[in-house]
Amino acid sequence: MQSTHAYAKLNLSLEILGRRQDGFHDLISVMQTVSLADTLTVSLADSMRFECTVPELGSPENLAYRAASLVRERYSVQAGSQISLHKEIPAAAGLGGGSSDAAAALVATTHLWHVPATCEVLQPLAARLGSDVPFFLTGGTSLVEGRGECVTPLPPVRETWYLLVKPPIDVATRDVFAALSERDWTDGATTRALAKSLASGGQVTTGINTLEQPLFRLYPEALDCFRAVQDLFPRRTMISGSGPTVFAVCEGLEDARAGADKLAGQYWTRVTRSCVPPSGDTPCR
Ligand code: C5P
């Protein structure tokens, strides 16, 4: 039996460049893994079994289960696996929880079944599972481009504390992308500038997220939550991914905790920090 953490992500900057022939969008983003994590435990079994601490997520549709099934098929593995997923990252929140679980399941099952776990093999499987999954094979701080499959690792940032605040709504990424108009497209310059600054040792600052406006048009509750955080952390507040989780770049642990204390009565809140997953869990770094 082996357990691994599947870390959440934040998009420190995210711009949508345009629509692609395949219906997806070209994007550019700086992504960062943070210490908030699910725990995935795998062991050998006769068949494929899956359980999750959140019952609604415990079906074979779960990306972690599908990831394990892809590895099994790719290598014609006869053995099965028992996968248990302990959720801490909220689902449909913009924090990449399902994608991170999938990447962790890819890596964990290749180890379990003693099949090759190289980046070259796992990257295409990750891309089939979802646009955010390839990033989690690299983790840390990365520049992400294309549909999400072109991942360039950046050097680790100085430890940074974040406050996460989530309004009580579930958001489907595809709905937010569908609400994008051409006016929301940008040229990627802000995100490239942030990546360049971080690559030369600059401090973590917020870039822009061009999915914010379509999210706010669809869900006014997300805008209310954003404003509540922004009042406490002006110019340091952003939406992660397609939302609705809002995050603030904090000055330290105490700053983040003080914000959490003010908002915890109204919203789900967590204090978390930047992290680089162990190298054995990130074959593409
Ligand atoms: O790849 P994933 O299944 O996570 O994407 C969910 C939805 O988000 C897609 O069906 C698509 O509508 C949208 N999307 C997109 N362009 C991307 C990533 C996601 O249009 N680069």
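Whatever order the structure lists ligands and atoms in, that order sets their numbers, starting from 1.
Under the 4.5 Å side-chain heavy-atom criterion for Ile, Leu, Val, Met, Phe, Trp and Tyr, L122 and L70 are members of the same hydrophobic cluster.
In D132, neither the side chain nor the backbone holds a heavy atom less than 4.0 Å from any atom of ligand 1. At a heavy-atom cutoff of 4.0 Å, ligand 1 is contacted by the side chain of F177 but not by its backbone.
Note: C52 SG to Y65 OH = 14.0 Å, rounded to the nearest 0.5 Å.
Of all the atoms in ligand 1, the ones that sit under 4.0 Å from a non-hydrogen atom of L27 are 21 (N). Close approach of ligand 1 to R147 is summarised as follows: ligand atoms under 4.0 Å from at least one heavy atom of the residue are 1 (O), 17 (C), 21 (N).
Looking only at protein heavy atoms, the nearest one to atom 12 (O) of ligand 1 is R174 CB, 3.5 Å. If you check which protein heavy atom lies closest to atom 3 (O) of ligand 1, you get G130 CA, 4.4 Å. The nearest heavy-atom contact from the protein to atom 20 (O) of ligand 1 is H25 ND1, 2.8 Å. Residue, atom and distance of the protein heavy atom nearest to atom 9 (C) of ligand 1 are F24 CE2, 3.8 Å.
The distance criterion of under 3.5 Å between nitrogen or oxygen atoms is met by S131 with respect to ligand 1.
Formation of a donor-acceptor pair under 3.5 Å by the S100 side chain with backbone atoms of G97 is not found in this model. Without hydrogens or angle criteria, N62 side chain to S59 main chain gives no donor-acceptor distance under 3.5 Å.
The shortest separation from a heavy atom of T173 to ligand 1 is under 4.0 Å, placing the residue in contact.
Within the structure, the ring pair (Phe, Tyr, Trp, His ring centres under 6.0 Å) test picks out the following pairs touching residues 185-225 (sequence neighbours left out): F216-F226.
The shortest distance between side-chain heavy atoms of I16 and L211 falls below 4.5 Å.
Shortest non-hydrogen contact noted between P153 and S142 is CA-OG, 3.8 Å.
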